[in-house]
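To keep things clear, I will list the structure first and then write my remarks on it.
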2 protein chains.
Amino acid sequence: MHTLLQHIAQFTTLSPQLAEELRQRAQHHCFGKNELLHTADTVCRRTYWIQQGLVRIYFNKDGKIVTDGFAAENQWMTSAYSFMRGVPDPYAIAAVEPTQAYSLSLEDLLHLFNQFHEMERFGRVIMSAQFLEQSERLNSLRFTSPAEKYQHFCTHYRPILARLPLGMVASYLGITPETLSRVRAKG
Amino acid sequence: MHTLLQHIAQFTTLSPQLAEELRQRAQHHCFGKNELLHTADTVCRRTYWIQQGLVRIYFNKDGKIVTDGFAAENQWMTSAYSFMRGVPDPYAIAAVEPTQAYSLSLEDLLHLFNQFHEMERFGRVIMSAQFLEQSERLNSLRFTSPAEKYQHFCTHYRPILARLPLGMVASYLGITPETLSRVRAKG
DNA sequence: GGTATTTTTTGATTGTAATCAAGTAGCGCC
DNA sequence: GGCGCTACTTGATTACAATCAAAAAATACC
């Protein structure tokens, strides 16, 4: 638990009261390889902070699995739209490796946001960071060739590259496994 | 000014003190058609709330102008990365129509976030909404055909469609003007 | 009102990555 | 250690939108 508190303390002041509330509310989880953190077409009730391990979010597009994102140590993962708006969506989340995580429900978060200005700060800062990260990804998808996409992935996701099957990387990059294979053969 | 305050009050409680601080800090602007709100390769120092009119953000890619986004009445516009991180970036912002806007600097915002929990709430809620909107755009860019992209634009941006040259719409959608023209000819 | 410029349309060709189709290698599991 | 499955590679073909090119329409400007 102290690792989650450390993470939060990087972005906001963490009062003893807030730390205590977080300790009470956060749930700890262990997931085996391929175990689901969240099932498609259900409401995603929790947001997960990955302490150890690696997870992915994906959905089924015309019978093919499309990976939409990854989260490893010290990162957050949830099905954002479903979680924030309380509606089902097509995404599922699964552990790529055995994973340990803490989670909070939306109710927990909203309570903490209400109770603690500093937690509201944390929420704002994290959302801003996610927004900027997503902008960069959008630009990469929009303007770069498959080779550049792969290069970008290698430099920005080096720590997890070796832990992922290439098919997942390909669909995350918006290219086919065949194209990724050819890109790698050349580089 | 009261329109900006109304906008903020939609997302958070607006105390008289916060309203007063906003009145003191927000600057009012009038921009003529094609006038720049922000110049490329400089630090974007302000975020603009559009009271009346229409603006676009764009950059120069290999000699071609690529439109990256629009903001009309009741929407915010800034060059996000530059504004938040205080570094230059290649984006410029220009008025598509004569435009009236209010603006806040990062210093203003950070002061207000510090001073007022309710303003920090507003920041978090707006960033969350922007994040979800961007996710939807990312999915549209990634998975849909030019015709579907245009359809999506028509349904989600109807109020501004008629106010924009098609070339701007095309580059926003990540397709060429020729392709957009052909899509429109068919539908 | 007429000229100049920009925007939009239409047509022909090309390039790139997707698709289709095998085949090979790697790995988990008994 | 061998079987069976999944992951990855390689090759041939196709589809789609980009590019190149030019004409037509709309708009701005004197």
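In the text below, chain A, chain B and the rest are named by the order of the sequence lines, each starting its count at 1.
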Show the atom names and distances, to 0.1 Å, of all donor-acceptor pairs under 3.5 Å that link a side chain in residues 8-18 of chain A to residues at least two apart or in another chain.
unit_1 : atom_1 : unit_2 : atom_2 : d
A:T12  : OG1    : A:E118 : O      : 2.7
A:S15  : OG     : A:L18  : N      : 3.1
A:S15  : OG     : A:E118 : OE2    : 2.9

Rounded to whole Å, please give me the gap between [atom1] in [X] and [atom2] in [N].
X: A:R142; N: D:dA17; atom1: CZ; atom2: C1'; answer: 15 Å
X: B:L180; N: D:dC16; atom1: CG; atom2: P; answer: 18 Å
X: B:N34; N: D:dT27; atom1: CG; atom2: C1'; answer: 13 Å

- prompt: Apart from B:L138 itself, which Ile, Leu, Val, Met, Phe, Trp or Tyr residues share its cluster (side-chain heavy atoms under 4.5 Å, direct or through members)?
  reply: A:L138, A:L141, B:L141

Can you name the residues that form a ring pair (Phe, Tyr, Trp, His ring centres under 6.0 Å) with [X], not counting sequence neighbours?
X: B:H29; value: B:F31, B:Y48
X: A:H28; value: A:Y102
X: B:F153; value: B:Y157, B:Y172

- line: 5' to 3', nucleotides 16-30 of chain C under a 4.0 Å protein heavy-atom cut-off (B base, S sugar-phosphate only, - none) gives -SSBBB---------

Pairwise salt bridge (charged side-chain N to carboxylate O under 4.0 Å, His left out) hits with a residue in [range], at least two apart:
range: residues 26-47 of chain A; answer: A:R46-A:D108
range: residues 47-72 of chain B; answer: A:R142-B:D68
range: residues 155-176 of chain B; answer: B:E73-B:R163, B:E97-B:R163

Terminal axes of the helix from C:dG1-D:dC30 to C:dC30-D:dG1 (five pairs each): angle between them, nearest 10 degrees: 50°

- request: Could you walk me through whether B:E21 and B:R25 pass the salt bridge (charged side-chain N to carboxylate O under 4.0 Å, His left out) test, one step at a time?
  value: CA-CA 6 Å; B:E21 284 261 13; B:R25 290 170 179 272; 2.9 Å; yes

What does the list of N/O pairs under 3.5 Å between the protein and nucleotides 3-8 of chain D look like, with a distance for each?
unit_1 : atom_1 : unit_2 : atom_2 : d
D:dC8  : OP1    : A:L166 : N      : 3.0
D:dC8  : OP2    : A:L166 : N      : 2.9
D:dC8  : OP2    : A:G167 : N      : 3.1

query: With B:R137, which residues qualify under salt bridge (Lys or Arg N to Asp or Glu O under 4.0 Å), at least two apart?
result: none

